[in-house]
Amino acid sequence: MPYSKGVSARIDAADAYLNERVATFEQRCHRFDCTLEAMYGLGLNDSSTVFDVGAGVGHFGVRLHTGRACDTCYHDGDTTIPASRARYMPVDACIDGIDLDEWDPPRRADFFVCLELLEHLHFPYRLLERMIRNANLGVLISTPNP
C-alpha cells in the first residue's frame, strides 16, 4: 500500500535532513554515553524497554546494544558503557513518516530518549508530556541550545 502524500513528504524531508547532518557517530557518542550513564543510574537493565524518539538511523541503539567505545569517542578514564539487551524501539519520520508533533506512544516503556529533537517540533511540550505520562523510569532529553 503506497504512503499518502503527507507521509511521503515527511519521509523525504527526514531523509534530506539526515543526509545533510555532518556530525558523525563518533562525534555524538559523548551525548549517547551521558544518556546511557543516566539511564543505568535510573535502573536500565536487559529487560528494559527504550523508545528512541527521533532516532534517525538508530545510532543511539547501536551504542545501547554494543557499549563499544571507539578511539575518537569521549572517554572518562577507564569508564566504559556496558552493553545492554534492552528492547530498543526507534521512532522517526525517516522510518515511516510519523509526525512527532502528533505522536502518542502506543504503550508504556521504561525509558523515552529524545536527543536533539524537541527544538525541531512545533509543539515540543505536547510530546514531552506524552512521554512523561508513559515512562516507567525516565525521560531523557537533550537540546543543542539552552
Side-chain angles (χ1 to χ4, degrees), residues 1-74 81-146:
M1 175 180 233
Y3 290 119
S4 70
K5 285 184 181 181
V7 170
S8 292
R10 281 192 297 276
I11 291 171
D12 291 344
D15 284 346
Y17 172 78
L18 291 172
N19 289 334
E20 291 176 6
R21 283 195 319 192
V22 295
T24 64
F25 171 76
E26 291 79 12
Q27 291 169 323
R28 291 192 307 277
C29 279
H30 175 68
R31 183 178 328 127
F32 299 156
D33 290 353
C34 290
T35 302
L36 287 167
E37 287 175 13
M39 290 170 70
Y40 276 109
L42 292 168
L44 176 67
N45 61 55
D46 287 347
S47 65
S48 295
T49 300
V50 178
F51 271 100
D52 184 1
V53 183
V57 297
H59 285 163
F60 177 75
V62 171
R63 194 67 167 176
L64 169 72
H65 286 149
T66 65
R68 185 174 1 117
C70 49
D71 292 337
T72 57
C73 292
Y74 165 81
I81 303 298
S84 172
R85 287 188 225 142
R87 183 188 300 182
Y88 174 75
M89 295 193 243
V91 178
D92 196 279
C94 75
I95 297 169
D96 60 4
I98 192 136
D99 180 351
L100 291 172
D101 273 312
E102 299 298 326
W103 183 70
D104 198 7
R107 57 169 289 161
R108 293 190 62 79
D110 296 307
F111 294 98
F112 287 84
V113 174
C114 189
L115 305 178
E116 312 289 316
L117 169 78
L118 292 178
E119 67 276 9
H120 296 282
L121 300 180
H122 293 100
F123 307 106
Y125 293 108
R126 183 183 301 165
L127 176 62
L128 186 57
E129 190 263 351
R130 290 173 177 173
M131 291 186 299
I132 290 169
R133 184 182 32 184
N134 286 286
N136 296 328
L137 296 174
V139 175
L140 295 100
I141 63 171
S142 69
T143 59
N145 303 312

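Since the model is a prediction, treat every value here as computed from it, not as a measurement.
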Notebook entry, point to check: When rounded to the nearest 0.5 angstrom, what is the spacing between OG1 in Thr143 and CG in Leu115?
Noted result: 10.5 Å
Note to self: I need the minimum non-hydrogen distance between His65 and Ala83, along with the two atoms involved.
What the structure shows: O-CB, 3.2 Å
Checklist line | Non-neighbouring partners of Asp46 that pass salt bridge (Lys or Arg N to Asp or Glu O under 4.0 Å), sequence neighbours left out | finding: none
Margin query: Determine whether a donor-acceptor pair (N or O, by modelled atom type, separation under 3.5 Å) exists between the side chain of Ser8 and the backbone of Ser4.
Written below: yes
Check: What are the two closest non-hydrogen atoms of Ala86 and Asn45, and how far apart are they?
Finding: CB-O, 3.7 Å
Item checked: Arg85, CZ: over 12 other non-hydrogen atoms inside 6.0 angstrom -> no
Checklist line | Reported SG-to-CG distance for the pair Cys114 and Leu128, which is rounded to 0.5 angstrom | finding: 7.5 Å
Notebook entry, point to check: Taking the side chain as C-beta and beyond, is there a heavy-atom pair between Leu36 and Leu64 under 4.5 Å?
Noted result: yes
Item checked: Note, Ile141 side chain near Val113 side chain (heavy atom, < 4.5 Å) -> no
Checklist line | Counterpart residues, ring pair (Phe, Tyr, Trp, His ring centres under 6.0 Å), relative to Phe111 (two or more places apart) | finding: none
Check: Does a side chain donor of either Asn136 or Arg108 reach within less than 3.5 Å of an acceptor in the other side chain?
Finding: yes
Notebook entry, point to check: Do Asp110 and Leu44 have side chains that get closer than 4.5 Å, going by heavy atoms?
Noted result: no
Notebook entry, point to check: So do the side chains of Val91 and Asp52 get within less than 4.5 Å of each other, counting heavy atoms only?
Noted result: no
Notebook entry, point to check: Distance from Met131 atom CE to Asp104 atom CG, nearest 0.5 Å?
Noted result: 11.5 Å
Notebook entry, point to check: Quick one: side-chain hydrogen bond (donor to acceptor under 3.5 Å, both in side chains) partners of Glu102, sequence neighbours excluded?
Noted result: Arg126
Notebook entry, point to check: Rounded to the nearest 0.5 Å, how far does OG of Ser142 lie from CZ of Arg28?
Noted result: 11.0 Å
Checklist line | Which residues share a side-chain hydrogen bond (donor to acceptor under 3.5 Å, both in side chains) with Arg31, sequence neighbours left out | finding: Glu116
Check: When rounded to the nearest 0.5 angstrom, what distance separates SG in Cys94 from CG in Asp12?
Finding: 11.5 Å
Next item on the list: Quickly, which of Leu137, Ile81, Val50 forms a side chain to side chain contact (heavy atoms under 4.5 Å, CB included) with Met39? Name it, please.
Entry: Val50
Note to self: What verdict does the salt bridge (charged side-chain N to carboxylate O under 4.0 Å, His left out) test give for Arg10 and Asp15, after you've listed the backbone C-alpha separation in whole Å, the side-chain angles of each residue and the deciding distance to 0.1 Å?
What the structure shows: CA-CA 8 Å; Arg10 281 192 297 276; Asp15 284 346; over 6 Å; no
Notebook entry, point to check: Is the side chain of Asp101 donor-acceptor paired with the backbone N or O of Phe123 at a distance under 3.5 Å, no angle test?
Noted result: yes
Check: Just by distance, do the side chain of Asp92 and the backbone of Ala55 share a donor-acceptor pair under 3.5 Å?
Finding: yes
Next item on the list: Check for a donor-acceptor pair, side chain of Arg87 on one end and backbone N or O of Thr49 on the other, with a separation under 3.5 Å.
Entry: no
Note to self: Show every ring-ring contact (aromatic ring centres under 6.0 Å, His included) that has at least one partner inside residues 35-61, sequence neighbours left out.
What the structure shows: Phe25-His59, Phe32-Phe60, Phe51-Trp103, Phe51-Phe112
Next item on the list: Might you point out which heavy atoms bring Thr35 and Leu140 nearest each other, and give the distance in Å?
Entry: O-CD2, 3.8 Å
Checklist line | Contact check, side chains of Pro105 and Arg130, non-hydrogen atoms, under 4.5 Å | finding: yes
Margin query: Among residues at least two apart in sequence or on other chains, which ones pass ring pair (Phe, Tyr, Trp, His ring centres under 6.0 Å) with Tyr17?
Written below: His120
Notebook entry, point to check: Could you go step by step and tell me if Leu117 and Leu127 meet the side chain to side chain contact (heavy atoms under 4.5 Å, CB included) rule?
Noted result: CA-CA 10 Å; Leu117 169 78; Leu127 176 62; 3.9 Å; yes
